[in-house]
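Step one of this worksheet: look at the structure below.
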Amino acid sequence: MKFPGQRKSKHYFPVKTRDPLLAQLTQLPEPFTTYISGIDQTLVDIEAKVEDELLTRYQLPKGNSTLINDEQAHALYTELQANGLISDEFAGGTIGNTVHNYSILADDRSVLFGVMSKNIEVGSYSYRYLCHTSSKVDLNYLQPVDGPIGRCFTLISECGERTFAISKGAMDKLTPDYINKEVVQGGSALVLTAYLMRASEGDGITDAAMTAIQFAKEADVPVVLTLGTRFLIAEDPVWWQNFISEHVTILAMNEDEAEALTGHKDPLLACEAALEWCDMILLTAGPVGLYTAGYADDAEKRETSHQLLPGSIPEFNRYEFSRPKNKADCENPLKVYAHISPYMGGPERIRNTNGAGDGALSALLHDLSANTFHKANVPGSSKHKRDGLCYSSFSQICKYANRVAYEVLAQHSPRLSRGLPEREDSLEESYWER
C-alpha cells in the first residue's frame, strides 16, 4: 500500500531498515494487505449538448431531473450517439467513484458490490463503466443481470441549462446472495450511500446493503455512509438520525445535507450534533473548505501548533493534532474538530464539482486502511499502543482530503486518473510540512 498524504520517506515501508545479513536468517511473515469494500448503484454519466427540440420530443422539462424507462433511455442514447452529440461518458455512482479513487491513491485493492450487464457490447455504457474503473477495483463480486445498468443523461442546452434524464435500468437489482461475508468482514471499511436505503418495491439493493451492514458490525468493521443528496435526507431526518446512530461509524456529507440532517446551517454546529450519532464526520463546505470532527480520549489529546480559529465553537481546532478514535474506546471522550480552506484557494477554473466530496472521502478511507495495514505489519509500533480509528491526525486528514478534492475539481471527470504527484510543482510544498 502507498501511504496517504505527501509524507517524507521515513513514513513509507519498510519503517525500519533491516540488516541484510540478519534478514537471511530470519523468517519474515508474509506482509498483510488491506482493502475497503463498497456497495453502489452502478451507473454511467452521459453528457451531451442538445437542442431544446430534443428535450420537448422526449418530454424532458428543461432544467429538471426526470426518471425515464429503459425504452426511452435506449432511444435517447441511440439518437445522441448517431448524431455525435455525446461529449463525455464517465463511470459514475458515489461509491463507485470513491472506491476507484481509493485504489488510485493507495495503489491497492478495493472491492465493489453491485450489478453488471451479462452481455456487454464494445462501446456500450456497461463497457464504458468497466473501462473507466481502475484495474485495482475488484469487480469479481458484481451480480450479472439481464438488461442495462443505470444511466444518467446530462443534457446541456445552448444557454448552459442542464436537464437530467435518469434511467434506473437494473442498478437496484442487487440481492443479498451476492454480498460475500468474508470479503466484507476482511476489509478495513464498508462504504455505502444513502440512496441504497430507498429502493423501490421488488428491488433488492436495500436488503443487500442491510445484510452487508450486519456482516460488518459482527466483525467490528467501520461502516461509512455518504448522504448523497439533501432532498432524500429532508424527507425524514429523524429516520436517518436513528439509522446513523444504530449502524454508522463515519458519516460523510456536504453542508446542505448536514443542515437537512441536523437542522443546523452552521457546519460546526451540524458536526457537533451529528457526533451524537456516529464516531467521525467528514463535512465538505464548498468554497469554505472542509471539516473533520470526531472523538479523542482526553488523556491522548494533542494541542495544535496552528492558529486557533474562531467560530460558533470558539477555538474549535485546539486539539486537531489528535488522532480520531471510536467514542466507545475512549475513557473520557472529547469532541475534536479541524478545518482547512480550499487548497491554493481552489482551482483557477472549476471544471466539475461532481465527485469532489467522493474524492475527499476516498482520502479519509485511505488513511483509515493505512492504520489497519500499519498495525498488522508493524504491531510493535508506538503508534498502536493507544489504538485509533485512523493513522493520521484530524488535521492531516483534512489536508489530504482537501488536496484530493482539489485534484477532482480541476479536471472534468469525477474520477481520478492518477495519484497525487510525488512532489508538488508549486511553492505549496510547505502545505504538507506545516
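This chain uses plain numbering: 1 for the first residue, then up along the sequence. Here the structure is a predicted model, which is why all the values come from computation and not from measurement.
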Full working for side chain to side chain contact (heavy atoms under 4.5 Å, CB included) between Val224 and Val248: CA-CA 6 Å; Val224 183; Val248 175; over 6 Å; no

Which value, rounded to the nearest 0.5 Å, describes the distance between [X] atom [atom1] and [Y] atom [atom2]?
X      : Y      : atom1 : atom2 : value
Asp367 : Cys390 : CG    : SG    : 5.5 Å
Ser167 : Gln72  : OG    : CD    : 8.5 Å
Leu192 : Thr94  : CG    : OG1   : 11.5 Å
Ile120 : Leu130 : CD1   : CG    : 4.5 Å
Met171 : Ile205 : CE    : CD1   : 8.0 Å
Thr163 : Ile156 : OG1   : CD1   : 9.5 Å

Using 4.0 Å as the upper bound for N to carboxylate O, is an ion pair formed by [Y] and [X]?
X      : Y      : result
Lys181 : Glu218 : yes
Lys118 : Asp146 : yes
Asp107 : Arg418 : no
Asp138 : Arg109 : yes

Stepwise side chain to side chain contact (heavy atoms under 4.5 Å, CB included) test for Phe113 and Ile95: CA-CA 10 Å; Phe113 296 104; Ile95 304 304; over 6 Å; no

Can you confirm whether [X] sits close enough to [Y] that some side-chain heavy atom of one is under 4.5 Å from a side-chain heavy atom of the other?
X      : Y      : result
Ile149 : Met116 : yes
Val404 : Leu416 : yes
Ile250 : Ile281 : no
Leu225 : His247 : no
Met197 : Trp239 : yes
Ile68  : Leu60  : yes
Leu389 : Lys325 : no
Leu105 : Ser362 : yes

Atom [atom1] of [X] with >12 non-hydrogen neighbours under 6.0 angstrom:
X      : atom1 : value
Glu53  : CD    : yes
His264 : NE2   : yes
Glu51  : CD    : no
Lys375 : NZ    : no
Phe164 : CZ    : yes
Asn119 : CG    : no

Is a side-chain N or O of [X] found less than 3.5 angstrom from the main chain of [Y], in a donor-acceptor match?
X      : Y      : result
Asn83  : Leu85  : no
His339 : Val288 : yes
Asp172 : Ala199 : no
Asn180 : Val183 : yes
Thr262 : Ala258 : yes
Gln143 : Thr175 : yes
Thr249 : Val223 : yes
Gln241 : Leu261 : yes
Asp52  : Ser157 : no
Ser37  : Val111 : no

Test side-chain hydrogen bond (donor to acceptor under 3.5 Å, both in side chains) applied to Asn97 and Thr226, Asp358, Asp40, the passing residue: Asp358

Worked verdict on Lys62 versus Thr56 for side chain to side chain donor-acceptor pair (under 3.5 Å): CA-CA 8 Å; Lys62 190 173 179 179; Thr56 303; over 6 Å; no

Side chain to side chain donor-acceptor pair (under 3.5 Å) between Tyr58 and Glu79, worked out: CA-CA 11 Å; Tyr58 281 91; Glu79 180 174 342; 2.7 Å; yes

Do [X] and [Y] meet the criterion of a side-chain donor-acceptor pair at a distance under 3.5 Å?
X      : Y      : value
Glu89  : Tyr77  : yes
Arg415 : Thr133 : yes
Ser369 : Ser188 : no
Ser110 : Ser103 : yes
Thr229 : Glu257 : no
Thr284 : Asn254 : no

Looking at every heavy atom in both [X] and [Y], which two are closest together, and how far apart are they?
X      : Y      : answer
Tyr400 : His366 : OH-ND1, 2.7 Å
Pro324 : Ser392 : CD-O, 3.2 Å
Asn371 : Gly388 : ND2-O, 2.9 Å
Ala285 : Tyr291 : CB-CE1, 4.3 Å
Tyr102 : Leu365 : CE1-O, 3.8 Å
Thr206 : Leu196 : OG1-O, 2.6 Å

Candidate pair Lys168 and Leu43, rule side chain to side chain contact (heavy atoms under 4.5 Å, CB included), full reasoning: CA-CA 8 Å; Lys168 288 172 53 180; Leu43 60 86; over 6 Å; no

Side chain to side chain contact (heavy atoms under 4.5 Å, CB included) between Leu112 and Tyr141, intermediate numbers included: CA-CA 7 Å; Leu112 182 66; Tyr141 297 93; over 6 Å; no

Ring geometry between Tyr337 and Phe316 (parallel below 30°, tilted from 30 to 60°, perpendicular above 60°): perpendicular

